[in-house]
A.B. asks: 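If you scroll down you'll find the structure; I have some questions about it.
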Amino acid sequence: MALVRPGASLDGIDEKLGPIRRRHALKRLSLIIEHFGPTRTTIRFAAVNSPEETSGPVNLWHKTYDGIRHLVELAKGLNRLDTKKTPFDDGSSEVELLTFASGKKAVRKVAFDDTPDMPSATPSARRFMRSADDRADAERLAFLVARAVGAKVPAAFRYSETELLMDYVGGIPGRTLQGDEREQERLMSTPSGKRLGLLDVLIGNEDRNPGNWKVVDGEVVGIDQGEAWSDAGKSLPDWGYQTFGREYYDFANDRWRKNDLSRADVERMEEALKAVRSEFIPSRQEWYDDMMKRFAEVKKHSRWRA
């Protein structure tokens with residue numbers, strides 16, 4: 001995404017199209033010019049895969065809007081709706097809660113590229129610098145995988161190179177339960193806690209720290225999946241936060257655990273995960289393959305197979 005003033009020259013924009021074409025394996029790429037207020041214009045990229053297609057530009061990141069259509073509708077009015085903005089503290093992203101005139105709430109997230117001097121960067125993050133594009137796609141795809149396995153995370157609509165609009169999650173932050181190990185263990189053993197742990201081991205999300213989950217109406221909901229599929233998360237024994245994933249993986253002994261998934265559970269999840277493969281753009285197929293390799297281990301150690 002690029003921001004320019006209305007009437008400014010667009011020279012040089014075309015050279016940005018090449019990398020995006022290659023990343024998405026596109027034959028044709030076009031520009032959408034959108035006006036956000038009187039002082040700036042947003043240039044967004046949209047594409048169709050062949051000149052024969054007549055449906056017009058399509059969103060680069062979403063094949064369908066299933067499960068996120070409400071966010072798509074809200075995003076259409078970001079430039080004109082009266083909103084109240086409440087910033088959140090997040091070192092790797094600019095995050096703000098939007099309260100629309102209608103009373104509806106959503107979270108707008110702008111992902112950043114990592115830099116070695118980021119105050120929030122962990123030692124492992126400094127070894128594996130992450131791009132804004134990686135973080136935005138991780139949020140988008142984690143929601144789809146969560147729906148496939150029955151985990152609860154906010155819906156995410158990616159509408160530009162670095163920006164997302166996401167469902168707002170209220171509830172009790174996990175960090176308020178620090179020190180209450182008994183309650184944390186209880187939550188990890190609930191159905192929603194187990195499914196969140198399954199999501200984390202599948203997408204390689206090592207960052208399920210106490211600030212990245214909440215309790216909503218007694219159920220565990222994950223927030224901030226921006227570190228999923230990171231290089232830092234590939235080695236499960238080295239995870240900094242091994243909370244919910246312990247139901248499926250023995251981090252101390254570096255091996256998969258037997259789990260209580262039934263044959264019906266496994267088959268339903270497997271079909272759902274296969275169905276979302278097309279949402280992984282060509283440059284993200286490695287992410288999908290890594291996830292399915294982990295799912296094969298979960299399946300192998302399920303109650304049905306074990």
A.B. asks: Taking atom CZ of Arg175 as the centre, report whether more than 12 heavy atoms of other residues, nucleotides or ligands fall under 6.0 Å from it.
C.D. replies: no

A.B. asks: Surrounding CG of Asp217 (heavy atoms of other residues, nucleotides or ligands, distance under 6.0 Å), is the total greater than 12?
C.D. replies: no

A.B. asks: Indicate the ring-plane relationship of Phe157 and Tyr159, choosing parallel, tilted or perpendicular according to the 30° and 60° boundaries.
C.D. replies: tilted

A.B. asks: For a salt bridge (Lys or Arg N to Asp or Glu O under 4.0 Å) check, start with the C-alpha distance between Glu219 and Lys152, then their side-chain angles and the critical distance, and finish with the verdict.
C.D. replies: CA-CA 9 Å; Glu219 294 191 303; Lys152 295 182 179 296; 3.6 Å; yes

A.B. asks: So, Arg108 and Glu96, do they make that salt bridge, N to O below 4.0 Å?
C.D. replies: yes

A.B. asks: Measuring only between side-chain heavy atoms, which start at C-beta, is Ser302 closer than 4.5 Å to Arg305?
C.D. replies: yes

A.B. asks: Would you please indicate if the ring centroids of Trp239 and Phe251 are separated by under 6.0 Å?
C.D. replies: yes

A.B. asks: Which residues satisfy the ring pair (Phe, Tyr, Trp, His ring centres under 6.0 Å) test with Tyr288, sequence neighbours excluded?
C.D. replies: Phe280

A.B. asks: Test salt bridge (Lys or Arg N to Asp or Glu O under 4.0 Å) on Asp231 and Arg130 and set out the steps.
C.D. replies: CA-CA 9 Å; Asp231 288 339; Arg130 192 131 226 237; over 6 Å; no

A.B. asks: Apply side chain to side chain contact (heavy atoms under 4.5 Å, CB included) to Leu177 and list each qualifying residue two or more places apart in sequence or on a separate chain.
C.D. replies: Glu183, Gln184, Leu187, Trp213, Val215

A.B. asks: Any carboxylate oxygen within less than 4.0 angstrom of a Lys/Arg side-chain nitrogen, looking at Asp134 and Arg284?
C.D. replies: yes

A.B. asks: Have a look at Arg195 and tell me which of Asp200, Val220, Asp265, Thr190 forms a side chain to side chain contact (heavy atoms under 4.5 Å, CB included) with it.
C.D. replies: Asp265

A.B. asks: Please list, chain by chain and in numerical order, all residues satisfying ring pair (Phe, Tyr, Trp, His ring centres under 6.0 Å) with Phe143, sequence neighbours excluded.
C.D. replies: none

A.B. asks: Sub-3.5 Å donor-acceptor pair from the side chain of His62 to the main-chain atoms of Arg158, do we have one?
C.D. replies: yes

A.B. asks: Gly171 and Val216: which non-hydrogen atoms are nearest, and at how many Å?
C.D. replies: CA-CG2, 4.0 Å

A.B. asks: Answer yes if Leu273 and Trp287 sit in the same cluster of Ile, Leu, Val, Met, Phe, Trp and Tyr residues linked by side chain heavy atoms under 4.5 Å apart, and no otherwise.
C.D. replies: yes

